Amino acid sequence: MIDHISVGVSDLDRSARFYEAALAALGLARLVTRPRTVGFGKAYPEFWINLRDGMLPVAPESGVHICLRAKSTAEVDSFHAAALSAGGASDGAPGIRPHDRVRYYAAFITDPDGNRIEAVTFPAD
């Protein structure tokens, strides 16, 4: 249903380096580079970062987050570790999240601008 998503960033070069590291763990690579935007994906750009002049940090209470599908718990772990190493912050360590209808494995990070990004997989066991 969703073709692509984008997030605003205050420093395009810093954010491009951050997302190159974090998204590589999920099999996404930088595919498009333009003066004010960078697109990441597998076959086509699915995740965009866009420079927003004067952007303030995203408020933690905004409630907005983006969730990306991982193939395995190892990919979720790698995403979280890569994001932290690249200057992000943890917003929820990798682990099982049991809920009423579904059991899933996820990790949550915030990028340098405060955008909340989750990686999730649904382990069989």
Side-chain angles (χ1 to χ4, degrees):
M1 180 165 113
I2 297 173
D3 181 73
H4 64 275
I5 56 174
S6 64
V7 297
V9 300
S10 62
D11 182 324
L12 191 63
D13 292 332
R14 175 188 68 186
S15 293
R17 287 189 304 274
F18 170 82
Y19 280 109
E20 277 183 311
L23 297 178
L26 302 176
L28 283 77
R30 185 194 290 217
L31 299 178
V32 175
T33 301
R34 298 181 184 141
R36 298 182 59 84
T37 190
V38 175
F40 300 87
K42 294 177 182 174
Y44 69 95
E46 303 166 67
F47 186 95
W48 292 88
I49 58 173
N50 299 303
L51 181 62
R52 298 291 181 243
D53 296 327
M55 181 176 156
L56 299 174
V58 177
E61 65 275 6
S62 75
V64 175
H65 86 276
I66 296 167
C67 182
L68 304 172
R69 183 71 61 97
K71 293 179 184 171
S72 66
T73 58
E75 277 194 3
V76 172
D77 295 344
S78 294
F79 164 81
H80 189 262
L84 298 184
S85 292
S90 179
D91 199 34
I96 291 289
R97 269 70 176 185
H99 288 278
D100 295 336
R101 295 181 349 179
V102 66
R103 177 180 167 271
Y104 65 97
Y105 188 93
F108 301 80
I109 60 94
T110 56
D111 75 3
D113 289 293
N115 292 300
R116 295 183 67 226
I117 312 295
E118 174 186 1
V120 67
T121 191
F122 298 88
D125 51 50

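Treat the numbers as computed from the prediction; the structure is a model and nothing was measured.
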**Fill in**
Residues passing the side-chain hydrogen bond (donor to acceptor under 3.5 Å, both in side chains) test with N50, sequence neighbours excluded, are S6, T37
**Prompt:** Who are the side chain to side chain contact (heavy atoms under 4.5 Å, CB included) partners of V64, not counting sequence neighbours?
**Reply:** S62
**Complete:** Of all heavy-atom pairs linking G95 and R97, the shortest is O-NH1, 2.9 Å
**Request:** Measure across P94 and V76 and return the closest heavy-atom pair with its distance rounded to 0.1 Å.
**Result:** CB-CG1, 4.4 Å
**Fill in**
Residues at least two apart in sequence or cross-chain that pass side-chain hydrogen bond (donor to acceptor under 3.5 Å, both in side chains) with R116, listed by chain then number, are D91
**Request:** With sequence neighbours left out, write down each residue that passes side chain to side chain contact (heavy atoms under 4.5 Å, CB included) with H4, or none if nothing qualifies.
**Result:** W48
**Message:** Using every non-hydrogen atom in the two residues, find where C67 and V120 come nearest and quote the distance to one decimal.
**Reply:** SG-CG1, 3.2 Å
**Fill in**
Residue pairs meeting side chain to side chain donor-acceptor pair (under 3.5 Å), one or both in residues 69-78, sequence neighbours left out, come to D77-Y105
**Fill in**
The ring pair (Phe, Tyr, Trp, His ring centres under 6.0 Å) partners of F122 (sequence neighbours excluded) come to none
**Item:** Members besides V38 in its Ile/Leu/Val/Met/Phe/Trp/Tyr cluster (side-chain heavy atoms under 4.5 Å)
**Value:** I2, I5, V7, V9, L12, F18, Y19, L23, L26, L28, F40, F47, I49, L51, I66, L68, F79, I109, I117
**Item:** Closest heavy-atom pair and its distance - A82, A22
**Value:** CB-CA, 4.1 Å
**Message:** List the residues meeting side-chain hydrogen bond (donor to acceptor under 3.5 Å, both in side chains) with D53, not counting sequence neighbours, and say none if there are none.
**Reply:** R36
**Prompt:** Considering residues at least two apart in sequence or located in another chain, which fulfil the side-chain hydrogen bond (donor to acceptor under 3.5 Å, both in side chains) criterion with S10?
**Reply:** R14, D113
**Test side chain to side chain contact (heavy atoms under 4.5 Å, CB included) applied to S90 - qualifying residues, sequence neighbours left out** = H80, L84
**Prompt:** M1: which other cluster members, linking ILVMFWY side chains closer than 4.5 Å, directly or transitively?
**Reply:** none
**Prompt:** Can you name the closest pair of heavy atoms from A43 and L31 and give their distance?
**Reply:** C-CD1, 4.0 Å
